[in-house]
Amino acid sequence: MDIKKRDLSQIPPENIRNFSIIAHIDHGKSTLADRLLEYTGTLQSRTKSEQFLDKLQVEKERGITVKANTASMFYEKDGKTYLLNLIDTPGHVDFSYEVSRSLYACQGALLLVDAAQGVQAQTMANFYLAFEQDLTIVPIINKIDMVTANPDRVKQQLENLFDFKPKEVILASAKAGIGIKEILDAIVDRMPAPVANPHEPFKALLFDSWYDEYRGVVCLIAIKDGMLKKGDAVALAQAKRKYEILEIGLMYPDETPTGTLHAGQVGYIITGMKTVKEAQIGDTVFNPNSPVKAFPGFKRAKPMVFAGIYPVDTTEFPLLADAVEKLILNDASVTIEKKTSAALGLGFRCGFLGLLHMDVFKERLEQEYDMSIIVTAPSVRFKVILNNGKELEIENPSDFPERQNISEIQEPIINATIIVPKKYLGSIIALCEEKRGVQVEMNYLDEDRVVLKYKLPLNEVATDFYDQLKSLSSGFASFDYEEGGYAPADLVKMDILLNGTQVDALSIIVHSDFAYRIGRSLTERLRKLIQRQLIEVVIQAAIGSKIIARERLAPLRKDVIAKCYGGDITRKRKLLEKQKKGKKKMKQIGSVEMPKEAFYTIMKND
Ligand code: GTP
């Protein structure tokens, strides 16, 4: 039926189901979401190859979901019309905050597990997020069409780990469209309806928001009690401001105005808000004439990884500022602080939820805003206790106080869960040990897979830990973590000097046991990245005034340069033009030309 002809007031709370799909990355959430939307006729005329619910360009390119998306569908069963509200969630560990906030608006969750890969680290993490919130969980084994599928083994894992009986598990293929009806029936039959009262004053939970260039902030709300219509005034418990409902409707699957929303329903509102900061996730929306008791609210997403972002061409700072401003309109979890670096000029110090989050932000600046930027090596927030007892929180290595004034440095620790096939166990344990990890637990998930629990310093993980974990296990190990407090560590600040001048943007914090090794590997890496130039380049790593590693690039000889051009003027001009074009990739630090990558890749292990 045409959505415009539907009367939402005729859908009582008992005919509503609000649910999420939770899974490990790539287990098929977005594909299943699309199939559900197609089966219920919500999604009709789209090309099937394109996933509807993954919208950002980087999401399309990487096939990952960064931002959670919501869509509603109508499903007829036993002569009744049900309104099903699906909230898609991102699968990567950096975005587990998005998963938890999506779950607040739900009563049920579909737990999707890949039939070939079985339970992975984020399957476990997301299961427990849903379990702790008392959601009804429907287990689904997806991708049963694959030749490598082993649903029996996965059923066994689901029973051992989460106590799901084999008969509760639905076998499906989101790609081939198998099991879709069973899933929709299970949503209706097994999941509870929201507890909602149409006769109480209006009260709704704001659980997501984003910025639309043309219409301002769009908020997603889950209505607990009462109803809301276009033209109503609303207030927000935390914003202490009034707004008017300019538009209200369902995500069907795009924003579709319906004029009203009722108790138990999930939909969007547009109120003329200008930034997502006004739309605090977890806030309570209510009628200013009938105040209600506010929801407890969510804890804010906390940035875990920090990096400097600078334009390669310093005159482009206003462009960068504009682009950053626009991106954070849509992503309230990035923290931004204007910063001046002696080496790189004006830029920003940014905080991210994790490395992927940081990469996505960087790529969006490059792809959507065509910025040529330098991103410095990622760092974490340390606690520095001074000799005078004062405690500082510092994430920028160049802000570290003099060593002699420091009595103790504490670093953030994470509680990591790693699931790995038995045959890679040795190399993964070695990797965790190399990263200063402390083993807490080791259990067999089944005869082939091991669950490892480690305490690891976030500073070690925030480099290339994830890449190494994947490469050492041929992609089979999975990883998830949660914060685990702070612990003292023997850390030192390492500076990098180019021709005797310290480059503030290259300083890093390292464990003193690894300082020499890292110093050598860093200077060597920089030598390879910085090509020979007209002058000699000396690269040094230092701790305080002590030089711990040194590399040298001999100057290019003049006759070599002349020979290069071969006396050919057009060739020379072409080369100069090429050089000009390439300029945006190079940064002049003192008298040395540095490629922009040199500031970021330096932390990677060889
Ligand atoms: P993230 O959003 O990155 O967490 O991934 P996701 O869980 O949404 O996975 P997505 O739907 O993007 O699917 C990942 C890959 O698995 C894609 O290449 C899909 O085409 C494929 N896929 C999904 N479902 C099935 C299935 O039932 N069978 C097969 N063979 N492939 C599937």
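Just so you know, ligand 1 is whichever comes first in the structure, and atom 1 is the first atom listed for that ligand.
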Determine, step by step, whether I180 and L32 satisfy the side-chain contact (heavy atoms from CB on, under 4.5 Å) criterion, reporting the C-alpha distance in whole Å, the side-chain angles of both residues, the deciding distance to 0.1 Å, and the verdict.
-> CA-CA 8 Å; I180 306 302; L32 176 65; 3.8 Å; yes
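- When all heavy atoms of A115 and V154 are compared, the closest pair comes out as O-CG2, 3.5 Å.
- For the 3.5 Å distance criterion, the side chains of Q157 and D446 qualify, holding a donor opposite an acceptor.
- Residue contacts with ligand 1, taken as heavy atom pairs separated by less than 4.0 Å, involve I25 via backbone and side-chain atoms alike.
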Verdict with reasoning, R153 to E447, per salt bridge (Lys or Arg N to Asp or Glu O under 4.0 Å) = CA-CA 10 Å; R153 194 188 66 149; E447 69 272 21; over 6 Å; no
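- Atoms of ligand 1 found under 4.0 Å from any heavy atom of N142, numbered from 1 in the order shown, are 24 (N), 25 (C), 27 (O).
- Between the side chain of D480 and the main chain of A416, no donor-acceptor pair closer than 3.5 Å is present.
- Per-residue contacts place S173 under 4.0 angstrom from the following atoms of ligand 1 (heavy atoms of the residue considered): 26 (C), 27 (O), 28 (N).
- Contacts of D145 with ligand 1, taken as heavy-atom pairs under 4.0 Å, involve the side chain alone.
- Among H24, K29, R35, K143, the residue whose heavy atom sits closest to atom 32 (C) of ligand 1 is K143.
- Under a 4.0 Å criterion applied to the non-hydrogen atoms of S30, ligand 1 contributes the atoms 2 (O), 6 (P), 8 (O), 11 (O).
- Atom 10 (P) of ligand 1 has its nearest heavy-atom neighbour, among I22, T31, I144, in T31.
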Test M442 against I429 for side-chain contact (heavy atoms from CB on, under 4.5 Å), laying out the working first.
-> CA-CA 10 Å; M442 183 168 106; I429 288 181; 4.2 Å; yes
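- Two residues are said to be in side-chain contact when any heavy atoms from C-beta on lie closer than 4.5 Å; Y454 and Y481 fail this criterion.
- Each of the atoms 30 (N) of ligand 1 lies under 4.0 Å from some heavy atom of M146.
- Contacts between H27 and ligand 1 below 4.0 angstrom, taking non-hydrogen atoms only, involve the backbone exclusively.
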